[in-house]
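Notes follow once the structure below has been shown.
The figures here come from the full heavy-atom set of this structure, side chains too, leaving out hydrogens, waters and symmetry mates. In what follows, every chain begins at residue 1, and chains take the letters A, B, ... in the order their sequences are listed.
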Amino acid sequence: MEISFLSGLALWLRGEIYALTGLPILSDLALDIIGIALLLGIISMAAIVFTYGERKVCAFMQVRIGPNRVGGRFGLLQPVADMLKLMSKEDIVPEGADKVLWALSPALLFVPAALVYAFFPFDAGAVLADVNVGVFLLFAISGQAVLPFLMGGYASNNKYSMVGGFRVVSQMISYEAPLLFSLLGILMITGSMRLEDIVEAQSGGLWFIFLQPLAFVIFLISAVAETNRTPFDLVEGESEIIAGPFTEYSGMRWALFFLAEYANLLTAAILATTFFLGGYLGPDFLPGFVWFGIKAVLMVFVIMWFRWTFPRTRVDQILTFGWKAMLPLSILNVFLTGVVMCALGLV
Amino acid sequence: MFGKGLLTGMGVTIKHFFGKKETFCYPEEKLPMAEGFRGGDLTMDWRVCIGCQMCAMACPNKALDLTVVTDAKKKRHMKYYIHKTGRCLFCNLCVEVCPVHTLQWDKNYANSTWNKEDMVHDAMTDKDRADLDIFLSDVEKKAKAEAEAKAKAEAEAKAKAEAEAAEGKPETPKAETKAAPPKPEAKAEAAKKPAAQNAAPDAEKKAAAAEKKKGGEA
Amino acid sequence: MELRDRVPESLRQNVLILKVDELFRWAHANSIWPLSSGLACCAIEMMSTATARFDLSRFGYEVFRPCPRQADLLIVAGTLTYKMADPIVRLYEEMPEPKYVIAMGSCAIAGGPFADSYSVVEGIDEVLPVDVYIPGCPPRPEALIDGMLKLREKIMHPERVAAERAKWAERKKAKEAKA
């Protein structure tokens, strides 16, 4: 494996700290901390930049210009103003709420959204946690994100929150299955669950989007449903259920939900690039992580494009679609992949 | 079917994404208002206004508070024209009913305020009221002068009539009637002269002299 | 002002000195999220202010939150009846501080055409504290944008409101003394 820019930087830093202190444990620790700080930085930047990006994309698609006053001609300080404002709002705790569950819910939602960033290969060898069951661990952790919605909904002592919580849980659970089944084809082709192996298996221009187009479509739809974005955004279906499980949250707690939602959005986009668009692979004139960034941003734009084109679907239509259309199609995809692989003698 | 509608929709959105935007930036660019646009504050010309108060009577929501003064010639003028912008419906009934067509909208719709007391708009400014005061005093002076001239002319004519009556008693009624036509002319001339010269003290003197004469004769 | 003058002349373009209060006031003024609380016809004008022609999102105000807990501004757009007065006061109380109220349209300011009716509250300032009044029936979208800009000015410079009120009180006193 060639040494990419980021992993080369990491190796050099490790060497420097070792040379400075003479303790390998200290250099490992230092590098881990730097990695965590970088990832948290990426997540916060994602939240801020994509809030702004969403409003601008939304505006442009609706034939208007978005924020253009706060901070220059493009309104670049708009998300900063939003975040500062949310930080300084009054914190209202509902009277009959289960205080512990209610307070824990935004934090517990943010944790898996942030934790899965440890598994993403930003560049060849630049992974914070290089485990050989990456895919499995990733989806196990992000599957835990279903529970805080229900916690928030139940603990708010509010009927809108409760019903919203039920709907979100049913939607997210129904789309976990097609999400994972659509990846089985890729796992069959690659033969490994390690994310970096999956990316490397797409080298030479053979991106999985060409080899598994059906899986790509199913994965994209399921990922959009998992992140609760339109057309599957019952959670924040404003005209239907006020704000779903988030109804009783104000100020910074709500901002945490907001951040978690955009972190999830970036996660979905990064997964789509890693599994289907070749991750950090690309022609040599740009370093790997730049290609990774470009592809991830492109996928984010596509997901935003979906949001501002399609109307919201009803909850029974969502569930019908998930169980009766997505799941059989993804199982069909696995079957077809198996048949083709057998026929080509790749097994 | 099978997603064709979805793709058409996405095509439309991406076309708009790269297309021309419809927004016009409000505080910097303002749309021109139509001629019949009803908004902003009422304006009126107090010189044209006849003080009939039909606008206040026509207002369905009692949003007009008028104070009218009568001048010396018994003509009404507007002194305070309070338009309560907060109660106004901008229904245009006041503008339509005005018989001299002096009420107009100034089309300045950007008149939001922080306090409710600021929402009264006086269509007559202080300068207008100052002008009105000058006009009223002018009219008063004129009316006084005219009244005095009229009184003086009346007194003169009366004195003349009495003198003629005293002289022309033996005369025939024909001569009296002959004398009658010149009298109004003389009266008019007599009235015009003091008005033209505006000689108030002289008129007073003449009136006093006439009265003395009258008193002397009677 | 005094603190700002302490920065040497050459650095004044590169150094920004703020009080925390000013920073938060700037943030509040530039990111006012209205609660979608349209009651009657003025709500249509409010909706059309958020559309493409008179874009409200240029100022950052287009995020109409449906839930009062996440909103800052209650735009009462339309007639307030006695039946609706309790729910709207409840909505206002559910909003977290700092919160603002805009009275949009003639009905919200003084009852409008229905002021004599048995069922209409004559102006929402009988039940809510109002920050900005926007006259009109209904006010044009540009007038609503102007009203929100006035609210922005109020948030960033709260001393101007008191000054204006003092000016009006003085004017009223002068008029009463004359009459």
When you compare the side chains of S112(B) and D146(C), does any donor N or O come within less than 3.5 Å of an acceptor on the partner?
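The answer is yes; a qualifying pair exists.
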
Is chain B contacted by the side chain of [X], its backbone, both, or neither, given a heavy-atom distance below 4.5 Å?
X       : answer
I102(C) : neither
P139(C) : neither
D131(C) : backbone
R53(C)  : both

If we define contacts as heavy-atom pairs under 4.5 Å, which of W114(B), Y109(B), F24(B) has the most with chain C?
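Maximum pair count with chain C is reached by W114(B).
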
Kindly say whether the aromatic ring centers of F90(B) and W105(B) come within a distance under 6.0 Å.
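That pair passes the under 6.0 Å test.
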
Answer with side chain, backbone, both or neither: which region of C91(B) has an atom nearer than 4.5 Å to a non-hydrogen atom of chain C?
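When you check distances to chain C, no heavy atom of C91(B) falls under 4.5 Å.
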
Chain C contact via N111(B) - which portion, at a heavy-atom distance below 4.5 Å
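For N111(B), heavy atoms of backbone and side chain both lie under 4.5 Å from chain C.
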
Sole candidate of T81(C), I75(C), I88(C), T79(C) that passes side-chain contact (heavy atoms from CB on, under 4.5 Å) when paired with L39(C)
I88(C)

So, applying side-chain contact (heavy atoms from CB on, under 4.5 Å) with V76(C), which one of V130(C), V101(C), V127(C) is it?
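Going through V130(C), V101(C), V127(C) one by one, the side-chain contact (heavy atoms from CB on, under 4.5 Å) with V76(C) is satisfied by V101(C) alone.
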
Flag the pair D131(B) and K127(B) as a salt bridge only when some basic side-chain nitrogen lies within less than 4.0 angstrom of an acidic carboxylate oxygen.
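Judged by the 4.0 Å cut-off on N to carboxylate O distance, D131(B) and K127(B) do form a salt bridge.
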
Answer yes when R90(C) and E94(C) have at least one side-chain N-carboxylate O distance shorter than 4.0 Å, and no when they do not.
yes

Residue from P135(C), A110(C), A103(C) scoring the most non-hydrogen pairs under 4.5 Å with chain B is P135(C)

Between G123(C), G136(C), G111(C), which residue shows the highest count of heavy-atom pairs closer than 4.5 Å to chain B?
G136(C)

Evaluate the ring planes of F24(C) and H28(C), with Trp represented by its six-membered ring, and classify them as parallel (under 30°), tilted (30 to 60°) or perpendicular (over 60°).
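Ring orientation of F24(C) relative to H28(C): tilted.
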
Within 6.0 angstrom of E22(B) CD, more than 12 heavy atoms from elsewhere:
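Not more than 12 within 6.0 Å, no.
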
Give a yes or no on whether E170(C) atom CD has more than 12 heavy-atom contacts from other residues, nucleotides or ligands under 6.0 Å away.
no

Pull out the residues in residues 64-79 of chain B that come under 4.5 Å of chain C, heavy atom to heavy atom, sorted by number.
none

To check you understand the geometry: which heavy-atom pair defines the closest contact between P68(C) and M95(C), and what is its length?
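Result for this residue pair: O-CG, 3.3 Å.
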
